[in-house]
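Structure first, then comments.
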Amino acid sequence: MSKTWRPATQLVHGGTTRSQHGETSEAIFLTQGFVYESSEAAEARFKGETDGFIYARYGSPTNDMFEKRMCMLEGAEDARATASGMAAVSSAILCQVKAGDHIVAARALFGSCRWVVETLAPKYGVECTLVDGRDLANWEKAVRPNTKVFFLESPTNPTLEVIDIAGVAKLADHVGAKLVVDNVFATPLFQKPLELGAHVVVYSATKHIDGQGRCLGGVVLADKAWIDENLHDYFRHTGPAMSPFNAWTLLKGIETLPLRVKQQTENARRIADFLAEQPQVARVIYPGRKDHPQADIIAKQMSGGSTLVAFELKGGKDAAFALQNALDIVRISNNLGDSKSLITHPATTTHKNLTDEARAELGISAGTVRFSAGIEDSDDLVEDFAKALKSIGA
Ligand SMILES: Cc1ncc(COP(=O)(O)O)c(C=O)c1O
């Protein structure tokens with residue numbers, strides 16, 4: 001395997017191991033266990049004296065290919081494929097804390113991620129302080145002597161706020177904490193958290209990596225020492241492993257990631273620019289537009305815009321519901337990153353569990369809508385939005 005391959009090549013060939021049949025497509029090893037030539041061979045495998053798989057909860061050949069391909073793309077030494085994005089997030093955080101530790105997290109998090117740090121971790125004696133992550137001073141102020149983990153996503157779900165990853169990583173190093181970045185919204189193509197100094201990267205592979213609405217998956221990536229010390233045992237004994245069938249689906253999905261993300265990003269930009277001109281729209285937030293409030297940080301840490309657009313309708317919830325209901329091609333769904341264009345109203349779906357105050361802090365109003373661009377022809381998408389906006393009036 002060549003480390004000099006560019007991403008599009010890595011994503012088609014990276015990590016592939018072929019069986020004795022020399023199959024073109026990656027094989028699915030849908031097996032729970034593995035057999036040994038002899039008792040001595042089993043003993044040696046368990047002692048770690050020989051390479052090879054032991055049990056599918058620990059690792060298996062198809063998952064191994066997916067993990068290796070993701071490592072290549074991310075520039076990580078090691079990875080663990082998980083059953084979902086939330087399995088990746090919760091494992092990456094919980095494997096490295098103990099009672100008495102403290103987490104600092106950006107408050108603008110996907111609802112379930114926020115629940116893990118705000119509600120679950122404290123049940124086990126791990127306190128969490130949520131901060132407005134856009135200002136580095138807030139991270140610094142929240143640090144305590146027992147702070148072990150920093151956690152953020154950037155751009156954030158759903159309002160596409162951006163956090164200075166290199167700045168937070170530098171502070172983490174200074175105070176001896178580990179920075180975990182949920183890189184779902186940026187995709188592994190447009191942002192490289194490890195190069196920016198983060199220690200651990202997590203993905204919901206359910207999103208752009210599958211990108212075709214088929215299966216759940218996740219992945220945790222980091223250097224080998226961190227995985228060995230923190231995740232290795234946690235992963236084996238708590239069992240968040242990905243199904244080999246899903247690893248195979250994701251290996252096929254990831255082959256076309258650059259093609260899909262390119263088209264999705266072009267479509268997202270076109271829709272963002274179109275919406276910004278419409279009288280019913282109060283504001284548009286898109287990381288690829290010059291009017292994004294943090295365009296300077298985006299230029300520093302992202303190499304592309306985003307496949308998502310957030311916008312606010314002047315008519316509040318009624319207008320948001322009417323717009324969503326009037327769209328034909330764009331379907332209502334809380335999922336994202338799919339080749340089908342999807343739209344959701346965060347206040348009543350993904351972020352419904354937050355208090356009104358917490359939603360207001362994050363800039364989620366009754367009129368906020370999140371659009372996830374698919375790979376359709378952008379002319380059709382513009383026409384779909386134009387027709388739907390016309391039907392809801394000015
Ligand atoms: C930013 C972010 N992180 C994590 C997740 C969780 O991923 P999954 O649904 O695969 O568990 C999601 C979406 O669901 C997400 O949007």
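First listed ligand is number 1; within each ligand, the first listed atom is number 1.
On a distance-only criterion, Met86 and ligand 1 share at least one N/O pair closer than 3.5 Å.
The protein heavy atom nearest to atom 14 (O) of ligand 1 is Lys207 NZ, 2.8 Å.
Contact atoms of ligand 1 toward Gly85: 7 (O), 8 (P), 10 (O), 11 (O) (distance under 4.0 Å to a heavy atom of the residue). Each of the following atoms of ligand 1 lies closer than 4.0 Å to a heavy atom of Phe185: 16 (O). Residue Ser84 approaches ligand 1 through these ligand atoms, each under 4.0 Å from one of its heavy atoms: 10 (O), 11 (O). Atoms of ligand 1 lying under 4.0 Å from at least one heavy atom of Asn157, given by number and element, are 16 (O). Close approach to Thr206 involves these atoms of ligand 1, each under 4.0 Å from a residue heavy atom: 8 (P), 10 (O).
Looking at Val181 and Leu152, their side chains come closer than 4.5 Å, going by heavy atoms from C-beta outward.
Salt bridge status for Arg270 with Asp273: absent, with no side-chain N to carboxylate O gap under 4.0 Å. Salt bridge status for Glu266 with Lys262: present, with a side-chain N to carboxylate O gap under 4.0 Å.
Note: Phe321 and His345 have perpendicular aromatic rings, judged against thresholds of 30 and 60 degrees for the angle between ring planes.
Scored by the ring pair (Phe, Tyr, Trp, His ring centres under 6.0 Å) test, Phe311 finds no partners at all (sequence neighbours excluded).
A side-chain donor-acceptor contact under 3.5 Å links Gln280 to the backbone of Leu389.
Scanning both residues, Ala310 and Leu160, for their nearest heavy atoms gives N-CD1, 3.5 Å.
The closest non-hydrogen atom to atom 2 (C) of ligand 1, taken over Asp182, Leu216, Leu308, comes from Asp182. In this structure, of Ala87, Ser204, Gly218, the residue bringing a heavy atom nearest to atom 7 (O) of ligand 1 is Ser204.
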